[in-house]
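This is a predicted model, so every value here is computed, not measured. Chain letters run A, B, ... following the sequence lines, proteins first, then strands; residues in each count from 1.
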2 protein chains.
Amino acid sequence: MTEAPENRIEDAILDAIAEQRLPAGTKLGEQVLSELFDCNRANVRRALASLAGQHIVELRPNRGAFVVTPTPQEARDIFQARRAIERTIAREAAKHATVEDIRKLREIIEEEAQARATARKPLELRLSRQFHIQLAKIAGNHVLERFLAELTMRSTLILGLYSSGGASQCSEDEHTEIVNALEKGDAEALSHLIDEHLQHLEADLSFDRPKQIGFGLAQALVSPSY
Amino acid sequence: MTEAPENRIEDAILDAIAEQRLPAGTKLGEQVLSELFDCNRANVRRALASLAGQHIVELRPNRGAFVVTPTPQEARDIFQARRAIERTIAREAAKHATVEDIRKLREIIEEEAQARATARKPLELRLSRQFHIQLAKIAGNHVLERFLAELTMRSTLILGLYSSGGASQCSEDEHTEIVNALEKGDAEALSHLIDEHLQHLEADLSFDRPKQIGFGLAQALVSPSY
DNA sequence: TTAAGTAAGATTGTTAACAAAAATAAAGAA
DNA sequence: TTCTTTATTTTTGTTAACAATCTTACTTAA
């Protein structure tokens, strides 16, 4: 069975945001999307309504749908929410992690390192996000996993707007420390490491000058940059 | 300016769920809703898609939209998520609470007591939920507030399905204790009280025999029970 | 040159008709 | 009766045409 068109659209938009092919503020025109995904406007509108319900997309009446552009205040709220959620994810992951889970996390870190070494920033970002999502899957709480999926998606948009670029190597090293703590099963240390990791990510932001603000093309939706 | 029809529909459905007029599993037929809110089906579908994005409604292809029925596992995930989120809300609320905030919370508790005294369970439930939402507003984090709004909504459905009925008086007393700790500005005590309060709520559930499962009428949407 | 106003084009919003699928009711066989 | 099959009805899904709104380009006047 092939996937429903509105889900294909939704997933494609989410994937594109996760890899920074779709920057904050990009207009998501109905006709463009319906042609791109070969379906009618009704399905496009359904996908956009669902994304609006998840605060990934903003619907402006009579104007259309746009990728959200988080404000500095929203960025603070999002990182505070991530710390609340990921501390609990950390403690739960420590309870449930298997050797296979650990192996998979290290694999993601390895790919991250390679992406960074070859200067493939979008891939690196997707993998960094994947690392956090994977921890949530290990924790086994579907609700927290979904919340984190949304928050990391919006974090990617925030990084695109406000990142001052520094924290990349740092982030990777911290991921390694996190897996080590997980392997030891030290829930409290793990929780603390994750919390600090997120504080470091947030500290890397600078709200002086927003960088890329949405340009028009949704072509990025179908052509990955690597 | 009058509100857009899809928002009217969405809010009406959420209100009805918050007061247990719409139980888990209720079918939300498109024609019924479009007649009830005097709008076309397109608006109904948009509202339902948005609610589906918030996991309040489940869309089954070719079947229609239904109020979600949380499983016992989902109930556990939801309460764990609430504890993660509301602990942080508690600490933030302790930082920002004004005397006016305290007054308003006590007002809600008072109304709760009256609703309980006069055996108006749906109103009592709505107010109990309102208490937690109000704390989130005081904390001032819009993201956490929205997550909590969703979680308390689903908690109401869970109580409808699995509540063993006992925790009502207990819950009210704990709300009082919580406001007292907030007034003192004791963030850690407050966080701990909230955590215990949620554990008590969860402990009141019994997963033996689900009670009300969705019957058909969406008439409940427009006629409050008090 | 700049600004305001106007007209043309493009995009979103609304509506209705039709197609497809599922639920229901009815009829027949074991 | 009970189960299956078939026909009917209801509901969801799709499509296209039209209306309303916004955007853009152009013209005109200060």
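Bracketed by its first and final contacts, the part of DNA chain C lying under 4.0 Å from non-hydrogen atoms of chain B reaches from C:dT14 to C:dA23 in 5' to 3' order.
No side-chain donor-acceptor contact under 3.5 Å links A:Ser50 to the backbone of A:Ala47.
Among B:Asn43, B:Ile9, B:Leu33, the single residue meeting the side-chain contact (heavy atoms from CB on, under 4.5 Å) criterion with B:Leu48 is B:Leu33. Considering B:Leu157, B:Ile56, B:Ile13 as possible partners of B:Val67, the one that fulfils the side-chain contact (heavy atoms from CB on, under 4.5 Å) test is B:Leu157.
Scanning for ring pair (Phe, Tyr, Trp, His ring centres under 6.0 Å) contacts around B:Phe66 gives an empty result, with sequence neighbours left out. Judged as a side chain to side chain donor-acceptor pair (under 3.5 Å), and not counting sequence neighbours, A:Glu58 has no contacts.
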Can you list, pair by pair, the side-chain donor-acceptor contacts under 3.5 Å of residues 82-90 of chain B, counting residues two or more places apart and other chains?
{"from": "B:Arg82", "atom 1": "NE", "to": "B:Glu86", "atom 2": "OE2", "distance (Å)": "2.8"}
{"from": "B:Arg82", "atom 1": "NH1", "to": "B:Ser155", "atom 2": "OG", "distance (Å)": "3.0"}
{"from": "B:Arg82", "atom 1": "NH2", "to": "B:Glu86", "atom 2": "OE2", "distance (Å)": "2.9"}
{"from": "B:Arg82", "atom 1": "NH2", "to": "B:His132", "atom 2": "ND1", "distance (Å)": "3.3"}
{"from": "B:Arg83", "atom 1": "NE", "to": "B:Asp195", "atom 2": "OD1", "distance (Å)": "3.2"}
{"from": "B:Arg83", "atom 1": "NH2", "to": "B:Asp195", "atom 2": "OD2", "distance (Å)": "3.4"}
{"from": "B:Glu86", "atom 1": "OE1", "to": "B:His132", "atom 2": "ND1", "distance (Å)": "2.7"}
{"from": "B:Arg87", "atom 1": "NH1", "to": "B:Asp195", "atom 2": "OD1", "distance (Å)": "2.5"}
{"from": "B:Arg87", "atom 1": "NH2", "to": "A:Thr88", "atom 2": "OG1", "distance (Å)": "3.3"}
{"from": "B:Thr88", "atom 1": "OG1", "to": "A:Arg87", "atom 2": "NH2", "distance (Å)": "3.3"}

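For residues 5-35 of chain B, no pair satisfies ring-ring contact (aromatic ring centres under 6.0 Å, His included), with sequence neighbours left out.
The stretch residues 39-63 of chain A touches DNA chain C through A:Arg41, A:Arg45, A:Pro61, A:Asn62, A:Arg63, each having a heavy atom under 4.0 angstrom from the strand.
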